[in-house]
Protein chains: 2
Amino acid sequence: MLTKGVQMMFLDDRKRSILRAIIDDYIETAEPIGSRTIARKHELGLSSATIRNEMADLEEMGFLAQPHTSAGRIPSDKGYRLYVDQLMMPINLSDDEIETIREAMEIKINELSQLIRQASVIMSRITKYTSMAITPQMRKSIIKATQVVPIEPGKALVIVVTNTGVVRNCLVNISDKLLPDFLIKVSNILNEKLSGFTLEQINYSQLKELEVEIGLSGEFLKPILEGVAECINQIDNPEIYLDGTTNIFNYPEFRDVMKAKGFLNVLDEKEVLRDLLSNKNENIEVDIKIGTENPFEEIRDCSLVTASYSVNNRIIGSFGVIGPTRMEYPKVVSSMNHIRKKINYEINKLMGKNIDGS
Amino acid sequence: MLTKGVQMMFLDDRKRSILRAIIDDYIETAEPIGSRTIARKHELGLSSATIRNEMADLEEMGFLAQPHTSAGRIPSDKGYRLYVDQLMMPINLSDDEIETIREAMEIKINELSQLIRQASVIMSRITKYTSMAITPQMRKSIIKATQVVPIEPGKALVIVVTNTGVVRNCLVNISDKLLPDFLIKVSNILNEKLSGFTLEQINYSQLKELEVEIGLSGEFLKPILEGVAECINQIDNPEIYLDGTTNIFNYPEFRDVMKAKGFLNVLDEKEVLRDLLSNKNENIEVDIKIGTENPFEEIRDCSLVTASYSVNNRIIGSFGVIGPTRMEYPKVVSSMNHIRKKINYEINKLMGKNIDGS
DNA sequence: TGTTAGCACTCAAGCTCGTCGAGTGCTAAA
DNA sequence: TTTAGCACTCGACGAGCTTGAGTGCTAACA
């Protein structure tokens, strides 16, 4: 009899309701859920005994697990997976929350990275989990201006501006013999030659070729070209933000100090964060990685929810939330979706302002 | 008899040795220290009974405390205070450590903030505690150059450079009608008028007065002047770095999750860090705040060791280490001192390179 | 045939109680 | 003044017990 239930992987409505009820409750309480609790709290019109039988089936199918024989059931990763894919009821953000997001994400300055930083801060505030965000990949952005500004004899400032409004500068030491007038000439040539190219199109050897153009031996020009390369490098190097790390202490699953330590340690590594946020799937709005689906050992009992933002349908960066697998998925998913739209809107506004071409 | 010992606050050599031994041991083990342990491990030529009597005296004088009747003694804040002021034996850094510091703190770029960031990182690596650092107060630094660079119609980049090699820029939206040639004129006037002043000498109303000079109604100039103000503001706004936060998990006093949470939470506040690092005492090389001497409730069982770095004997910033009161003071103090000297050296080198005047 | 009441069983949590040992204070002798 | 000795204290630890939430199975019922 049981084998029949197990063999057919199809879950009837009753099993689905029970599973949903269990996961909803477990997300709320973090305690193993017993059959009686479900019978009492949810109006399923079933006795605890019936629910008990169903729960046994659900366990055998792998959606639930039992910490020990005489405890209630807790969801397995597979159970959460079904829950997020099919069972959970979407919720709407409260007016308050929407207002908070709106307020936080108004762009005050021309800097894209500020927007992303704000997004991260607000995500952790709203969800109460730990949030992270990575600033856009800039390899495809276009150089709008390159300038060399004389500061004092022996010193010049190299500046690169992109169409996305990102500016980087680099103070370089140059020969005392280079006069301001000459630097302005160099500046103009660089500006003319580099404008319109994307960052990824420019590499150092190409820069070297400009030396010929300018007609001056490499030694004098070298620091300036290195400055340009450094600026480009900095623009291209995405920043990563992490917020709400101490939120995890509010969840009983991190009562164990070693677990908290592991969690915080792994998030301290920029490389790890970059990896977690390198969301390749272009088709999915909000991606969810549950427990063991995660790439790193230390967060195998966490869930990671990520979303990407894009320009012209090309993903340029992403952000996410990480917390215990017992995560308020409905809330997190709607927050992420909302903020994602907000970022996209603001980013396209910003780009529109800054691009004259497209 | 006991009262005699207590009345005279003078500690004889024997009491001092015993107190030093107890604190040394407690720093190492984090366990209450008993009389027998001291008699065995340290060659004081005294029996445990004698030491016991002395310990009772030391407790009555407030240098030691007893968690409960049948436990050993632990140092009180007052005990630590005496220890750091008079008892502890200075230690030298190992060659390895000196090399590590040297390597980490070589300046590669012209940016002062990088140096301070490195100092913080290296402090936490060497001491195994949590470290923090604040970038210099820049109010006294001198404006070396101000530039307005046309980027495209309707957009200009405002740049401010100081004698300390700090550069900030601000992309501003301007009227389409302002032509590049005019912007260059504005740039020259600004450069001429602002150079040589310190940041604190310049305020917005002064900037407004320049409008007259340039001879153009405020509406056109406003965004540019705001850009200058924003740059100055950003330069003046010190950055704060925090490293090695998860180090605290290695110390048994932070096994309690709530304590760890309180600690991490309080250090999450920029304001708190700024406060902790606002070291006013100009005479002291390395300042130590023990336990209850600290201003914030959450770190009353921590010790904070800070040091300042300066230019021309004027303190411009500071850095520090925070950890349990049971801190390896000798190690921390010598590390701080070493790094302090290193920073001072590098900073003066950097300033020397960048200042042409003084 | 599916549902439910009833019952025996399981097991972690929490309590008490006794043992152990590190440490103390006091006393008396050296 | 120092020290050996001894009675005493008290937390840590583990064994044994109780409690209660929860289960699986069986038999009766609709």
Side-chain angles (χ1 to χ4, degrees), chain A residues 1-6 8 11-15 17-19 21-22 25-26 29-61 63-76 252-253 255-256, chain B residues 1-6 8 11-15 17-19 21-22 25-26 28-61 63-75 252-253 255-256:
Chain A
M1 257 209 267
L2 254 179
T3 43
K4 179 190 156 206
V6 174
M8 59 171 196
L11 284 184
D12 57 35
D13 277 353
R14 198 169 72 180
K15 281 199 172 57
S17 307
I18 291 173
L19 184 56
I22 292 171
D25 275 21
Y26 184 71
T29 64
E31 299 285 330
I33 310 295
S35 52
R36 244 176 67 96
T37 314
I38 296 299
R40 256 187 289 118
K41 280 181 56 176
H42 301 262
E43 314 240 314
L44 299 173
L46 295 170
S47 78
S48 67
T50 310
I51 293 172
R52 210 142 56 225
N53 288 333
E54 296 287 37
M55 282 166 85
D57 288 2
L58 286 168
E59 181 177 359
E60 211 171 337
M61 290 185 225
F63 295 111
L64 295 176
Q66 225 175 349
H68 56 87
T69 14
S70 72
R73 302 302 205 297
I74 60 174
S76 66
E253 29 273 273
R255 283 287 156 71
D256 177 23
Chain B
M1 261 211 266
L2 254 180
T3 43
K4 178 187 154 208
V6 173
M8 59 171 196
L11 284 185
D12 58 35
D13 277 354
R14 198 169 72 179
K15 280 200 172 57
S17 307
I18 291 174
L19 184 56
I22 292 172
D25 274 21
Y26 185 71
E28 200 182 320
T29 63
E31 300 285 330
I33 309 294
S35 52
R36 244 176 68 93
T37 315
I38 295 299
R40 258 187 289 119
K41 280 181 57 176
H42 300 263
E43 314 239 312
L44 299 172
L46 296 170
S47 78
S48 68
T50 310
I51 293 173
R52 209 140 59 223
N53 289 332
E54 296 287 37
M55 282 167 85
D57 289 1
L58 286 167
E59 181 176 358
E60 210 171 337
M61 289 183 224
F63 296 110
L64 294 177
Q66 224 176 350
H68 57 88
T69 16
S70 71
R73 302 304 205 295
I74 61 175
E253 28 274 274
R255 284 286 157 70
D256 177 24

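The structure displayed is predicted, hence computed values, not measured ones. Residue numbers start from 1 in every chain, and the chains themselves are labelled A, B, ... in the order their sequence lines are given, proteins ahead of strands. These numbers come from the heavy atoms of this one structure, side chains and all, not from hydrogens, waters or symmetry mates.
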Practice task
Return the value, rounded to whole Å, for the distance between atom CD of B:E60 and atom P of C:dT24.
Solution key: 16 Å
Exercise for the section: Would you kindly give the CG-to-P distance between B:L58 and C:dG25, to the nearest whole Å? Expected result: 12 Å
Exercise for the section: Starting from C1' on D:dT23, measure out to CD1 on A:I38 and report it in whole angstrom. Expected result: 15 Å
Fill in the blank from the handout: Applying side chain to side chain donor-acceptor pair (under 3.5 Å) to B:R36 and not counting sequence neighbours gives none
Handout entry: Evaluation steps, side chain to side chain contact (heavy atoms under 4.5 Å, CB included), between B:D57 and B:M61
Key = CA-CA 6 Å; B:D57 289 1; B:M61 289 183 224; 4.0 Å; yes
Practice task
Please report, rounded to the nearest Å, how far the P atom of D:dG22 is from the NZ atom of A:K41.
Solution key: 11 Å
Handout entry: Sole candidate of B:E60, B:E31, B:E59 that passes salt bridge (Lys or Arg N to Asp or Glu O under 4.0 Å) when paired with B:R73
Key = B:E59
Identify the pairs formed between an N or O of the protein and an N or O of nucleotides 3-10 of chain C at a distance under 3.5 Å, and give each distance.
unit_1: C:dT3; atom_1: OP1; unit_2: A:R14; atom_2: NH1; d: 2.5
unit_1: C:dT3; atom_1: OP2; unit_2: A:R14; atom_2: NH1; d: 3.2
unit_1: C:dT3; atom_1: OP2; unit_2: A:R14; atom_2: NH2; d: 3.0
unit_1: C:dT4; atom_1: OP2; unit_2: A:S47; atom_2: N; d: 3.2
unit_1: C:dT4; atom_1: OP2; unit_2: A:T50; atom_2: OG1; d: 2.5
unit_1: C:dG6; atom_1: O6; unit_2: A:R52; atom_2: NH2; d: 3.2
unit_1: C:dT10; atom_1: O3'; unit_2: A:T69; atom_2: OG1; d: 3.3
unit_1: C:dT10; atom_1: O2; unit_2: A:S70; atom_2: OG; d: 3.1

Practice task
Between B:H68 and A:E59, just flag the one whose closest nucleotide in DNA chain D comes earlier from the 5' side.
Solution key: B:H68
Problem - A:R73 CZ - C:dC11 P separation (whole Å) - result: 14 Å
Handout entry: Phosphate OP1/OP2 of C:dA22: any B:T37 side-chain N/O under 4.0 Å
Key = no
Practice task
Take atom CD1 of A:I51 and atom P of D:dA21, then tell me their distance rounded to the nearest Å.
Solution key: 17 Å
Problem - Closest contact, heavy atoms only, B:K15 versus B:L58 - result: O-CD1, 4.0 Å
Problem - Rounded distance in Å - CD (B:E31) to P (C:dG23) - result: 9 Å
Exercise for the section: Using whole Å, report how far CE of A:M55 lies from P of D:dA21. Expected result: 16 Å
Handout entry: side chain to side chain contact (heavy atoms under 4.5 Å, CB included) between B:L46 and B:R14, worked out
Key = CA-CA 10 Å; B:L46 296 170; B:R14 198 169 72 179; 3.4 Å; yes
Exercise for the section: Determine whether A:T50 and A:L44 make a side-chain contact, defined as any pair of heavy atoms from C-beta on separated by less than 4.5 Å. Expected result: no
